[in-house]
Engineer: 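After the structure tokens below, expect a handful of questions from me.
By convention here, the first residue in the shown sequence is residue 1. These values consider heavy atoms only, across backbone and side chains, with no hydrogens, waters or symmetry-generated copies.
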Amino acid sequence: MIKGQRIRAIAGACALAVALPLSAHAAAEDAIGTWRDADSGGIVSVYSCGGGICVKVVKPGKGREKDDANPNPQLKGRSMAGVVLMNGATKAGSDKWKGKLYNSEDGETYTGYVTSVSKDEVKLEGCVAGGLICKSRTWKRVQ
């Protein structure tokens with residue numbers, strides 16, 4: 001390889017090394033925000049917390065206003081507004097976070113994932129059996 005080609009190859013590798021962390025950071029930024037559940041119409045906030053992300057209900061979806069399935073008698077029947085569904089989820093990939101996810105529909109806690117699909121869409125996924133059985137919801141960014 002001649003000297004000019006080597007310099008271009010090194011410059012290209014350096015540009016790629018700089019671009020990859022920036023694109024990964026952009027994906028992390030894409031998950032932070034306010035989102036509407038496409039199925040229920042509920043609104044949640046995804047925000048930075050404790051070095052990871054958290055998910056909190058801003059406005060419960062239709063039919064999900066109360067935490068009626070909570071096994072804790074002191075929490076059963078509380079308003080879902082303000083309930084943290086996921087706390088301190090950690091990075092599980094460039095655009096994915098993993099943590100414990102509270103499901104108010106059955107009062108159980110599952111392994112959960114938040115995945116940034118695009119700037120305007122994230123996916124929430126709850127899994128059991130080591131990730132063999134999962135259910136997901138898609139959220140659209142609230143403008």
Side-chain angles (χ1 to χ4, degrees), residues 1 5-143:
M1 189 184 278
Q5 289 175 323
R6 261 191 272 165
I7 291 172
R8 280 193 295 273
I10 292 169
C14 289
L16 183 61
V18 169
L20 284 176
L22 292 177
S23 65
H25 180 68
E29 294 292 319
D30 286 345
I32 304 300
T34 305
W35 305 90
R36 181 180 313 276
D37 183 305
D39 296 330
S40 73
I43 297 175
V44 297
S45 174
V46 177
Y47 57 97
S48 295
C49 68
I53 63 168
C54 292
V55 179
K56 177 171 59 175
V57 177
V58 174
K59 179 184 171 220
K62 290 184 181 180
R64 297 189 174 116
E65 293 84 7
K66 300 285 181 190
D67 191 7
D68 292 328
N70 198 308
N72 182 335
Q74 294 178 327
L75 299 178
K76 190 171 188 151
R78 68 181 169 170
S79 171
M80 283 303 297
V83 171
V84 175
L85 302 176
M86 184 178 269
N87 191 0
T90 57
K91 274 303 232 183
S94 65
D95 59 353
K96 193 172 196 173
W97 294 263
K98 178 181 178 183
K100 294 295 179 188
L101 175 66
Y102 174 67
N103 180 0
S104 64
E105 293 176 18
D106 64 8
E108 298 293 325
T109 300
Y110 299 96
T111 298
Y113 299 92
V114 174
T115 304
S116 178
V117 176
S118 72
K119 181 177 161 265
D120 294 317
E121 186 175 283
V122 295
K123 181 173 80 168
L124 175 73
E125 195 170 30
C127 301
V128 295
L132 294 175
I133 303 169
C134 299
K135 280 188 169 184
S136 66
R137 293 185 185 261
T138 300
W139 296 337
K140 301 285 184 184
R141 187 177 297 277
V142 174
Q143 300 300 329

Engineer: Are any side-chain N or O atoms of K66 and backbone N or O atoms of D68, one a donor and one an acceptor, separated by less than 3.5 Å?
Structural biologist: no

Engineer: Can you give me the closest heavy-atom contact between G107 and P71, atom names plus distance?
Structural biologist: O-CD, 3.3 Å

Engineer: Which pair of heavy atoms, one from G88 and one from C54, lies closest together, and at what distance?
Structural biologist: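 It is N-SG, 3.2 Å.
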
Engineer: Stepwise, does the side chain to side chain contact (heavy atoms under 4.5 Å, CB included) test hold for K91 with W97?
Structural biologist: CA-CA 4 Å; K91 274 303 232 183; W97 294 263; 3.4 Å; yes

Engineer: Would you give the length of the straight line joining atom CG of D67 to atom NZ of K76, rounded to the nearest 0.5 angstrom?
Structural biologist: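 NZ of K76 is found 9.0 Å from CG of D67.
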
Engineer: Keeping R141 on the side-chain end and T34 on the backbone end, is there a donor-acceptor pair under 3.5 Å?
Structural biologist: no

Engineer: Within this structure, what is the OG1-NZ distance for the pair T111 and K98, rounded to the nearest 0.5 Å?
Structural biologist: 5.5 Å

Engineer: Do I133 and C127 come within less than 4.5 Å of each other through their side chains, counting heavy atoms only?
Structural biologist: no

Engineer: Out of curiosity, R137 CZ to K123 NZ, how far, rounded to the nearest 0.5 Å?
Structural biologist: 14.0 Å

Engineer: Distance to the ring centre below 6.0 angstrom and angle to the axis at most 45 degrees; does that hold for K96 and Y113?
Structural biologist: yes

Engineer: How far apart are the closest heavy atoms of S79 and V83, and which atoms are they?
Structural biologist: O-CG2, 3.5 Å

Engineer: Working note: M86 + V114, criterion side chain to side chain contact (heavy atoms under 4.5 Å, CB included); need CA distance, chi angles, decisive distance, verdict.
Structural biologist: CA-CA 9 Å; M86 184 178 269; V114 174; 3.8 Å; yes

Engineer: Keeping the roles fixed (side chain from S40, backbone from G42), state whether a donor-acceptor pair exists under 3.5 Å.
Structural biologist: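 Answer holds: yes.
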
Engineer: From Y110 OH over to N103 CG, what is the distance, rounded to the nearest 0.5 angstrom?
Structural biologist: 5.5 Å

Engineer: Taking side chain as C-beta onward, heavy atoms only, is S45 less than 4.5 Å from V55?
Structural biologist: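 No, too far: nothing below the 4.5 Å cut-off.
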
Engineer: What heavy-atom pair brings G126 and L101 nearest, and what distance separates the two atoms?
Structural biologist: CA-CD2, 3.9 Å

Engineer: Would a 4.5 Å heavy-atom cut-off, applied to side chains only, mark I53 and Y47 as touching?
Structural biologist: no

Engineer: Is the closest side-chain donor-acceptor distance between Y102 and N70 under 3.5 Å?
Structural biologist: yes

Engineer: Please report the shortest heavy-atom distance between A69 and S104, naming the atom on each side.
Structural biologist: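 Minimum heavy-atom contact is CB-O, 3.5 Å.
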
Engineer: Counting N and O atoms only, with roles assigned by atom type, does the side chain of W35 sit under 3.5 Å from a partner on the main chain of A31, one being a donor and the other an acceptor?
Structural biologist: yes

Engineer: Once rounded to the nearest 0.5 Å, what's the spacing between atom OG1 of T115 and atom CG of L124?
Structural biologist: 9.0 Å

Engineer: Taking it one step at a time, do V122 and V117 satisfy side chain to side chain contact (heavy atoms under 4.5 Å, CB included)?
Structural biologist: CA-CA 5 Å; V122 295; V117 176; 5.7 Å; no

Engineer: What verdict does the side chain to side chain contact (heavy atoms under 4.5 Å, CB included) test give for D120 and K140, after you've listed the backbone C-alpha separation in whole Å, the side-chain angles of each residue and the deciding distance to 0.1 Å?
Structural biologist: CA-CA 6 Å; D120 294 317; K140 301 285 184 184; over 6 Å; no

Engineer: Going from CD on E108 to CD on E105, what distance comes out if it is rounded to the nearest 0.5 angstrom?
Structural biologist: 12.5 Å

